[in-house]
2 protein chains.
Amino acid sequence: MRELRRPGAFHCGLDAAMDVVGGKWKVSILWALGERVHRFGELRRALPGVTEKVLAAQLRELVEDVIVHREVLDEVPPRVEYSLTPRGAALNAALAPLGAWGSEHVLGRAPEPAASGT
Amino acid sequence: MRELRRPGAFHCGLDAAMDVVGGKWKVSILWALGERVHRFGELRRALPGVTEKVLAAQLRELVEDVIVHREVLDEVPPRVEYSLTPRGAALNAALAPLGAWGSEHVLGRAPEPAASGT
DNA sequence: CGGCATCCCCAAGGATACTG
DNA sequence: CAGTATCCTTGGGGATGCCG
């Protein structure tokens, strides 16, 4: 999926965005990172059901797309932190209305204040 | 995918929305219907590459989700018109920011005026 | 701890043919 | 015209195991 980046081949930016956000766990990752920086293990715990392989893959794609920043801390116990890039933060913001829509029309109310505080 | 509607099982409305909009052609259909009412054939022509089976399937799911309205005109040559429901229109609107993001960050500029009123 | 390598599976999506 | 039915392919995603 990473290779089918054909600039201009999309109907509009929407298709392009869907391509970036299309992964099964992408939005959840974005949502998690929108709250705070996470390290691999934390992310894994934050996403019940995801396997390391898949999480690593989704993360890699997001990093490739410059949505997520990968910070490797050179410590004795390996420590890697993932955070949103400015672009990722913008994506998250752009996703907010969609989340609100889902809350209202699918879940039936409960428009959460997005990934702000809590 | 239509059956895995587990109310409350989503992290937030975002997951729910992604579930609704997750199909490969869903957003394109929404985009098309956002501009004007389309009949089956028109939609097919508007979505280069889609097959009848898939288009019909995606359409059926969108109808199930009350995103799209299916109007069967009882005429001699079968005529069916698809249009957005209020909910679908709202979804389309919620999708706009995402489309804008994609235009800016993925396609590299060219923020189209979206499928709003035009 | 973090993350690659391998193998496997299944459902979404595609191609084709046929019908009301 | 507007689908439905059938069969097939693909690859995203899941499970396991090993390595730095």
Side-chain angles (χ1 to χ4, degrees), chain A residues 1-6 9-11 15 18-30 32-33 37-65 68-83, chain B residues 1-6 9-11 15 18-30 32-33 37-65 68-83:
Chain A
M1 181 191 283
R2 295 305 90 191
E3 310 309 333
L4 49 67
R5 260 58 199 291
R6 48 260 151 119
F10 297 110
H11 279 134
D15 298 84
M18 288 305 296
D19 182 52
V20 170
V21 130
K24 184 174 183 178
W25 304 92
K26 298 282 184 71
V27 298
S28 296
I29 293 174
L30 253 19
L33 296 185
V37 175
H38 281 66
R39 38 191 305 192
F40 193 83
E42 293 179 319
L43 228 31
R44 190 148 81 94
R45 259 168 276 132
L47 304 177
V50 73
T51 60
E52 303 104 45
K53 176 209 166 182
V54 174
L55 177 57
Q58 303 271 303
L59 243 15
R60 199 178 317 125
E61 293 187 349
L62 288 173
V63 169
E64 283 177 28
D65 291 332
V68 167
H69 172 65
R70 185 169 184 268
E71 182 84 40
V72 182
L73 289 302
D74 193 42
E75 301 179 6
V76 183
R79 184 188 186 84
V80 180
E81 293 190 335
Y82 292 91
S83 56
Chain B
M1 180 192 282
R2 294 305 89 193
E3 311 310 334
L4 50 67
R5 258 58 198 290
R6 48 260 147 121
F10 298 111
H11 279 135
D15 299 84
M18 287 306 294
D19 182 51
V20 171
V21 130
K24 185 173 181 179
W25 304 90
K26 299 282 184 72
V27 299
S28 295
I29 292 174
L30 253 20
L33 295 185
V37 175
H38 281 67
R39 36 192 306 191
F40 193 83
E42 292 179 320
L43 228 31
R44 192 148 80 93
R45 259 168 275 131
L47 304 177
V50 73
T51 59
E52 303 105 43
K53 176 207 167 183
V54 174
L55 176 57
Q58 303 270 304
L59 242 16
R60 201 177 314 126
E61 293 187 348
L62 288 173
V63 169
E64 283 177 29
D65 291 334
V68 167
H69 173 65
R70 183 170 185 269
E71 182 84 37
V72 182
L73 290 302
D74 193 43
E75 300 179 5
V76 184
R79 183 188 187 82
V80 180
E81 294 190 335
Y82 293 91
S83 56

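This is a predicted model, so every value here is computed, not measured.
dA15(C) atom P lies 13 Å from atom CG of Leu55(B), rounded to whole Å. A straight line from CD of Glu81(B) to P of dG3(D) spans 12 Å, rounded to a whole angstrom. Rounded to whole Å, the distance from NZ on Lys53(A) to C1' on dA15(D) is 9 Å. Nucleotide dA12(C) holds its C1' atom 14 Å from the CE atom of Met18(A), rounded to whole Å. Atoms NE2 (His38(A)) and P (dG2(C)) sit 12 Å apart, rounded to a whole Å. dC1(C) atom C1' lies 10 Å from atom CZ of Arg44(A), rounded to whole Å. Summarising the geometry, the separation between CH2 on Trp25(B) and P on dG13(C) is reported as 10 Å, rounded to the nearest angstrom. At whole-Å resolution of the value, CD in Glu52(B) and P in dC7(D) are 18 Å apart.
Checking the phosphate oxygens (OP1, OP2) of dG14(D), a side-chain nitrogen or oxygen of Lys24(A) falls inside 4.0 Å. When the side-chain nitrogen and oxygen atoms of Arg60(A) are compared with OP1 and OP2 of dC4(C), one or more of them lie within a distance under 4.0 Å. Note on Tyr82(A): a side-chain N or O is less than 4.0 Å away from OP1 or OP2 of dG3(C). When the side-chain nitrogen and oxygen atoms of Arg39(B) are compared with OP1 and OP2 of dA2(D), one or more of them lie within a distance under 4.0 Å. Taking only side-chain nitrogens and oxygens, Gln58(B) never comes nearer than 4.0 Å to OP1 or OP2 of dA12(C).
Counting only heavy atoms from C-beta outward, the side chains of Leu59(B) and Leu43(B) approach each other to under 4.5 Å. Looking only at side-chain heavy atoms (C-beta outward), Glu52(A) and Phe40(A) come within less than 4.5 Å of each other. Contact check for Val80(B) versus Arg70(B): side-chain heavy atoms found under the 4.5 Å cut-off.
Within the 4.0 angstrom heavy-atom criterion, base atoms lie near Val54(B).
Side-chain atoms of Pro78(A) lie closest to dG2(C) of the nucleotides dG2(C), dT16(C), dG13(C). Side-chain atoms of Phe40(A) lie closest to dG3(C) of the nucleotides dG3(C), dG3(D), dG14(D). Between dG3(C), dA2(D), dC1(C), one nucleotide has an atom nearer to the side chain of Arg70(B) than all others, and that is dA2(D).
A residue-by-residue look at Ala56(B) and Arg45(B) shows that Arg45(B) has its nearest nucleotide of DNA chain D further toward the 5' end.
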TODO: Quick one: do Trp25(A) and Leu55(A) satisfy side-chain contact (heavy atoms from CB on, under 4.5 Å)? Show the steps, please.
DONE: CA-CA 8 Å; Trp25(A) 304 92; Leu55(A) 177 57; 5.9 Å; no

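At distances below 3.5 Å, not a single donor-acceptor pair connects side-chain atoms of Lys26(A) with backbone N or O atoms of Gln58(A).
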